[in-house]
Amino acid sequence: MNFVKGKRKLTKSEKHSRREKIVSFIVLAIASVFFLLPLIYMFGNSFKTDLDLQLHPGSLFPSPGEWTLKHYEGFLWRDGKIDNMPIWMLNSLWSSLATVGITLLLDLITAYAVIFLKFKGKKVFMNILYAWMAVPGVITLAPQLTLFNMFSSVIGVDGFAGNYIYIYLWLILPGCTGIYNMLLMRNFFLSIPNDIIDSAKSDGAGHFTIFRKIACPLAKSTMMLIVLFTFTGAWNNLVWPQLLMSGKDSYFQTVTVALTGFTGGNGYGAKGAAMATGVFALIPIFIIFFITQNKMIDGLASTGVKG
Amino acid sequence: MEKDFIGIDEDILAERKRAKRREQGVALVILSPFVIIFVLFCVVPFIMGFAYSFMRYDPYNSDYTAFIGFKNYSNLFNTDINVSKQFWESFGPMLVFDLVAVPLLMIIPFILAYFINMRPPCYKFFRACIYLPCVVSISILGIMFGEMFAGDETGLINSWFGTNIDWLGGKPFENDILRWIIILIATIWWQTGANFVIFSGALRDIPKSLYEACEMDGGGRWQSVIRVTIPNMRPAINITLFNTLIGFLSLYGQPYVLNTLENQDIFVSPMMFIQSYLSNGLAYAKQTGYLCASAIIFGLIIMVISFVERRVMEERHPTAKHVAAYKRYCDFRTQRLEPAKGESK
Amino acid sequence: MQTNDNISNEEVFLSLKHLEKVYPNGEKAVYDFNLDIAKNEFIVIVGPSGCGKSTTLRMVAGLEDITSGDIYLGDEHLNYKPSKDRHMAIVFQSYALYPQMTVFNNIAFPLTINTYPAPVVNTVLLSCAQAKEIIEKCGLASIKDAIEKVDAQKPKFGERAENLATLFNVVLETAKLILKLYGSVSADDWKNIADKEGEILSDWQAKLSDAESAEQTKITESGKKLDGEFCELSEDGTRKTVQRKLTHYEIKTRVYETAEKLDLAPYLDKLPKELSGGQMQRVALGRAIVKNVPIFMMDEPLSNLDAKLRLTMRSEIVKLHNRINATTIYVTHDQTEAMTMASRIVVMSRGFIQQVGTPEEVYNNPANIFVARFIGSPTMNMFEMEFDRNEKMLVYGDFRLPVENGFEEKFDKFYESKCAEFSSINENFDSGAREKILKLLSVTGEGKSVKNNSAKKKNFVVCIIEFFKNLAAKKAEEDPWLKERAVAAEKFAALKAYKENGRKVFVGIRPERIKIEKAEEGKTYKGANIVQPELTELLGGEYNVYFKFCGKNMIGKIDAKDKLGQNDKIAVSFSADDLFVFDPITGDVIK
């Protein structure tokens with residue numbers, strides 16, 4: 001444009017804001033390097049040959065010309081533990097998706113009922129939910145496992161398929177009872193202005209129609225948040241899956257549980273394989289992250305504000 | 001004749017009652033999936049947990065089952081028994097870690113959020129970088145940091161600095177300070193994003209006019225931070241403190257994956273203790289009652305701490321001292337001593 | 001046009017010269033703002049939203065950077081000084097109270113974090129002198145009584161001396177001294193006060209004199225000079241001042257004073273969220289006046305209050321202004337506030353000052369059509385007529401309106417000078433000329449481009465695309481002043497045409513000035529026009545009468561006692577003095 005910036009001293013506040021931007025840029029750049037470093041390390045080292053790993057452990061990327069896909073191929077061709085990688089990925093994938101789907105469904109209909117339907121015992125129900133939030137999960141761990149074992153012998157679960165389905169039932173269903181998600185959905189429904197619902201009712205809409213045509217479309221952003229939280233939570237869960245799958249066939253394991261086989265000193269010598277499996281296991285989560293990045297962050301930020 | 005009475009129409013009343021009952025029924029049906037799952041997988045285990053803690057219980061051997069009252073609990077508090085000693089000792093490292101980690105995980109995200117709020121160029125990229133580690137799973141964290149800080153020359157850090165430090169080894173309270181530093185760094189790397197995002201959202205919502213008022217009143221940068229920024233972030237601070245504190249009391253993943261082979265059986269947090277014995281299935285099945293008791297005690301401790309935290313962080317209304325002081329001031333002012341007429345010394 | 005003539009140079013207190021504000025994206029918000037403010041004036045800057053009034057205020061306060069221009073407070077050049085050094089206080093529209101602090105702490109905040117100049121007082125000598133005075137004036141017995149009174153209230157730490165100081169109306173150190181003297185006497189002695197009085201008094205006098213002489217020797221040794229009130233003097237005989245933080249007691253008394261002035265004493269312990277809008281408003285005012293600064297600024301402080309509260313607060317603010325002898329700059333979009341509160345009004349539009357003047361001036365002598373329509377409620381009636389040179393009247397159809405004497409000469413002279421002005425603008429179209437055109441557009445209200453408010457989500461790809469687009473645009477050196485040039489040419493052509501045979505004018509008259517009478521059948525009304533009102537609204541004491549005149553809708557007023565019926569006609573007449581004639585091309589008043 002055509003304005004001329006007069007040759008004048010920069011005012012203190014202009015100097016301030018320029019200095020602010022420079023300092024914050026430097027600090028954040030250093031922080032970003034810190035946060036990206038381990039990921040880059042894992043990524044780069046997954047392409048190194050075994051020899052390279054031994055000779056140049058300090059380099060982030062393989063020596064030029066020495067990039068190899070050997071460790072990645074190892075998932076699919078080789079025998080032994082690594083062979084199971086695709087199975088583990090599939091396990092994690094479908095169980096996380098199932099958790100997400102069921103959670104979403106349950107949250108939607110339960111929150112809708114709590115807000116829009118009048119029934120006795122509503123207060124009791126909500127109070128129990130609130131009280132449950134205060135209970136640490138550790139208390140139910142042992143009894144849940146015991147019940148798991150007890151039912152399995154009572155029902156008489158056997159066979160590979162039977163065990164598999166039974167284990168995943170116990171993995172997915174408890175994961176759908178997340179109270180935070182339920183409250184998120186409930187608070188959203190609470191914020192829908194009553195006028196919209198009333199005008200729909202006066203147009204003759206029944207509850208199902210209101211649910212389908214009004215509540216659900218409006219809740220899209222909250223649903224997205226719940227999807228993101230639940231998926232990452234289910235994918236990354238360690239404690240409960242580890243309990244369920246302890247002592248069982250490694251085919252049953254989810255990725256997160258399986259990968260603990262490379263940690264804690266267990267993975268000595270399988271460095272390349274460890275790196276490659278790690279990178280591979282991150283792919284689904286990263287895809288979701290990159291697609292929905294900003295929405296996820298903005299959504300998380302707003303949960304903090306509302307308290 | 002009653003039907004013609006003004007005001008109440010029996011038919012409508014009855015219809016209303018039926019509609020109400022119908023709604024009640026619909027609600028029940030809709031809520032039932034959640035309630036069933038919730039009761040089956042959460043409430044029942046909860047009750048059973050309490051029951052088992054008072055029993056001698058073996059899920060594979062029903063003859064073993066017997067009611068033994070508080071014996072499990074007394075065993076738990078009897079530190080002569082090796083297992084109990086392990087349990088109580090596992091609290092130590094975890095609490096020390098929490099004392100250090102929780103403040104760091106409030107301050108560092110706050111500082112980063114403060115800088116992000118200045119909106120330097122590429123701030124969206126930085127924001128994504130800081131949050132990215134949060135979506136990584138704990139075992140991958142273990143792989144990355146395990147290899148970076150591997151105890152021999154194959155570790156990244158060792159090779160950069162030419163050292164041969166066994167980062168992750170050592171016994172608790174003896175020489176494993178390095179291991180805990182690594183766990184601390186890994187935890188900061190991993191969890192800063194979560195609190196960072198909440199803080200940056202809260203920071204953004206502070207009205208600009210408050211900063212301007214502070215500026216006009218003469219406050220510098222430091223004043224504006226402690227008088228405007230932090231007090232207005234109270235809800236965000238409450239949430240993050242609570243979540244971080246409770247999360248770290250159940251510390252499990254990080255020490256589990258950032259470990260060395262020799263130390264597999266040393267439990268540095270109560271969660272590790274419980275998880276390890278539970279996942280050994282048959283071997284410790286007889287101890288189900290005892291483990292339930294230990295879980296309940298641990299859970300109670302968590303609840304007490306969270307309750308205390310909630311109380312400490314409650315907003316207290318300032319005491320009404322100024323109005324009273326003002327009244328006294330007025331009294332004295334009105335009673336101002338006139339120079340006494342003709343008073344002698 | 002600006003009238004700074006009514007301030008003589010000696011009186012000027014705050015001087016704003018050629019203030020301009022250009023935002024980083026090139027948008028200019030304030031053009032050439034000139035204003036000289038005298039002490040104790042109540043300046044109101046008024047204008048529609050977006051006219052630059054808040055921006056100007058914030059530039060003066062130091063919250064916005066000044067692109068060009070200067071601000072002088074007396075001789076002090078304020079441009080590069082930070083806000084706290086500008087001797088100003090500001091009240092925000094949203095009050096901006098610190099939500100976690102009580103009312104007391106909110107008001108006390110500026111006092112607690114700043115240093116203030118104070119004379120360097122030798123407290124030892126001062127307290128000794130005051131103590132001696134108290135002993136002499138009041139006598140031992142009443143001193144004892146006073147101290148017992150203070151103790152009866154069970155004072156907290158530090159409050160004992162403070163309350164005593166309030167009681168005796170002395171400084172804090174004196175009270176502490178008296179308490180020390182009191183404490184040096186045993187309880188028994190106090191019981192036998194009749195006997196021991198002489199003894200105690202002489203003891204005290206001795207102690208005081210000892211302290212005084214010790215201090216005096218110290219002073220003479222150090223070579224300092226003290227004046228009559230024990231303040232240190234510097235070399236040239238003026239009092240030395242030092243920047244120091246206020247003591248707890250001083251802060252308390254100042255806050256109490258302020259709270260009393262604003263009726264906030266019962267609310268000192270409340271948090272802002274427990275207060276009503278009006279109370280929050282007063283706390284914000286309190287926070288501003290406790291600083292004892294000479295200049296107050298208010299940015300639409302009453303907009304968040306309900307209508308009734310607005311009325312009361314309006315008068316409260318003016319009364320406060322008078323009581324504390326402040327100089328106030330007040331920004332609002334409500335012309336009623338401007339008219340009732342101001343000693344001088346500054347009317348702004350689109351960044352330009354339209355007129356500066358007292359409320360009477362702005363009401364009775366608007367400089368252009370914008371000011372005429374903005375000030376006054378109901379809005380001034382505006383309609384088109386033609387100036388017929390033959391009849392020497394304003395003509396529209398059958399309607400005739402008189403013009404004042406000498407109007408024709410004024411008319412011709414007006415267009416002569418305008419043509420000359422625009423001819424030079426068109427010949428030499430520089431940035432000054434462009435700004436004149438922009439000012440013209442701000443008066444007439446034309447040419448307001450629709451702001452493109454679609455905030456495009458800028459991600460990386462879009463950034464790169466825009467960057468290249470801008471590069472390409474720079475190559476084709478497009479004339480950014482194209483629109484203004486076109487307007488200048490257009491207006492010049494129109495003015496030339498008018499100079500030859502222009503006739504159409506805009507005529508304005510305020511509703512209150514229209515002479516309306518109920519038209520009775522059969523009577524003739526000389527010089528008046530008979531019209532049928534479209535609508536009458538009874539306001540209680542008067543009617544608002546809506547009628548059509550010269551093709552435009554007009555509002556007039558008539559006393560309710562005249563009882564206007566549904567089908568009654570009215571006789572409408574105007575006096576030439578009340579008519580404003582505006583040029584339809586530039587919008588300026590023809591005079």
Side-chain angles (χ1 to χ4, degrees), chain A residues 20-21 24-25 27-28 31-32 35-36 38 41-42 57-58 106 109-110 113 117-119 134 136 138-147 149-150 173-174 176-177 232 236 238-239 242-243 246-247 256 259-260 262-265 271 274 278 281-282 285 289 293 297 300-302 304-305 307, chain B residues 23-24 27 30-31 33-34 37-38 41-42 45-46 48-49 59 112 115 118 120 126-131 133 135 137-140 142-144 146-148 154 156 159-160 197-198 200-202 205 235-236 239 250 252-253 257 259-261 275 278-279 281 288 291-292 295-296 298-299 302:
Chain A
E20 259 186 13
K21 296 225 156 103
S24 58
F25 186 84
V27 168
L28 290 169
S32 298
F35 286 110
L36 289 179
Y41 169 71
M42 191 170 74
L106 283 182
I109 61 178
T110 314
L117 293 177
K118 297 197 249 309
F119 58 94
V138 67
I139 295 186
T140 55
L141 220 50
Q144 272 174 332
L145 190 63
T146 314
L147 273 175
N149 286 323
M150 199 163 71
L173 287 180
C176 301
T177 60
T232 36
N236 292 342
L238 178 63
V239 172
Q242 195 177 46
L243 274 184
S246 59
T256 309
L259 286 189
T260 58
F262 283 117
T263 64
K271 190 161 163 184
L282 279 179
I285 289 274
F289 182 74
Q293 195 190 86
I297 294 182
L300 282 165
S302 61
V305 170
Chain B
E23 198 159 317
Q24 185 102 3
I30 292 185
L31 287 182
F34 180 80
I37 295 182
F38 182 68
F41 290 98
C42 295
F46 182 74
M48 310 281 301
L112 289 176
F115 278 121
M118 296 181 188
F126 292 138
R127 210 171 55 158
C129 282
I130 298 176
Y131 188 69
V135 299
S137 77
I138 182 68
S139 36
I140 299 184
I143 294 179
M144 282 192 290
E147 294 299 338
M148 279 173 72
T154 61
L156 181 76
S159 63
W160 276 2
V197 153
I198 293 181
S200 75
D205 280 357
I239 286 190
S250 321
Y252 172 68
V257 298
N259 210 347
T260 50
L261 273 171
Q275 179 82 345
L278 279 180
S279 44
T288 306
L291 287 173
C292 285
I296 288 179
F298 180 46
I302 294 183

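Just so it is clear: chains get the letters A, B, ... in the order the sequence lines come, proteins before strands, and each one is counted from 1.
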Side-chain donor/acceptor of [X] to backbone N/O of [Y], under 3.5 Å:
X	Y	answer
B:S139	A:T256	yes
A:Q144	B:F41	yes
A:E20	B:M118	no

What's the separation between atom [atom1] in [X] and atom [atom2] in [Y], rounded to the nearest 0.5 Å?
X	Y	atom1	atom2	value
B:F298	A:L141	CZ	CG	10.5 Å
A:S32	B:L112	OG	CG	8.5 Å
B:M148	A:M42	CE	CE	11.5 Å
A:T110	B:I30	OG1	CD1	8.5 Å
B:E23	A:F119	CD	CZ	9.5 Å
B:I143	A:L282	CD1	CG	8.5 Å

Given a strict heavy-atom distance threshold of 4.5 Å, which part of [X] is in contact with chain B: side chain, backbone, both, or neither?
X	value
A:L117	both
A:I285	side chain
A:I109	both

Kindly assign one of parallel, tilted or perpendicular to the pair B:Y131 and A:F289, based on the angle between their ring planes and the thresholds 30° and 60°.
-> parallel
Measure B:P33 against the heavy atoms of chain A and call it side chain, backbone, both or neither at under 4.5 Å.
-> both
With only heavy atoms counted, which part of B:F46 is less than 4.5 Å from chain A, the side chain, the backbone, both or neither?
-> both
Kindly give the heavy-atom pair with the smallest separation between [X] and [Y], and that separation in Å.
X	Y	answer
B:V135	A:N236	O-ND2, 3.1 Å
A:G278	B:I140	O-CD1, 3.6 Å
B:C42	A:T140	O-CG2, 4.0 Å
A:I139	B:A295	CG1-O, 3.8 Å
A:C176	B:F34	O-CE1, 4.3 Å
B:Q275	A:V239	NE2-O, 2.8 Å

For A:V27, what residues pass the side chain to side chain contact (heavy atoms under 4.5 Å, CB included) criterion, not counting sequence neighbours?
-> A:V23, B:F115
Are the side chains of A:L28 and B:P120 in touch, meaning some heavy atoms are under 4.5 Å apart?
-> yes
Residue among A:P143, A:A113, A:A31 with most heavy-atom pairs under 4.5 Å to chain B | A:P143
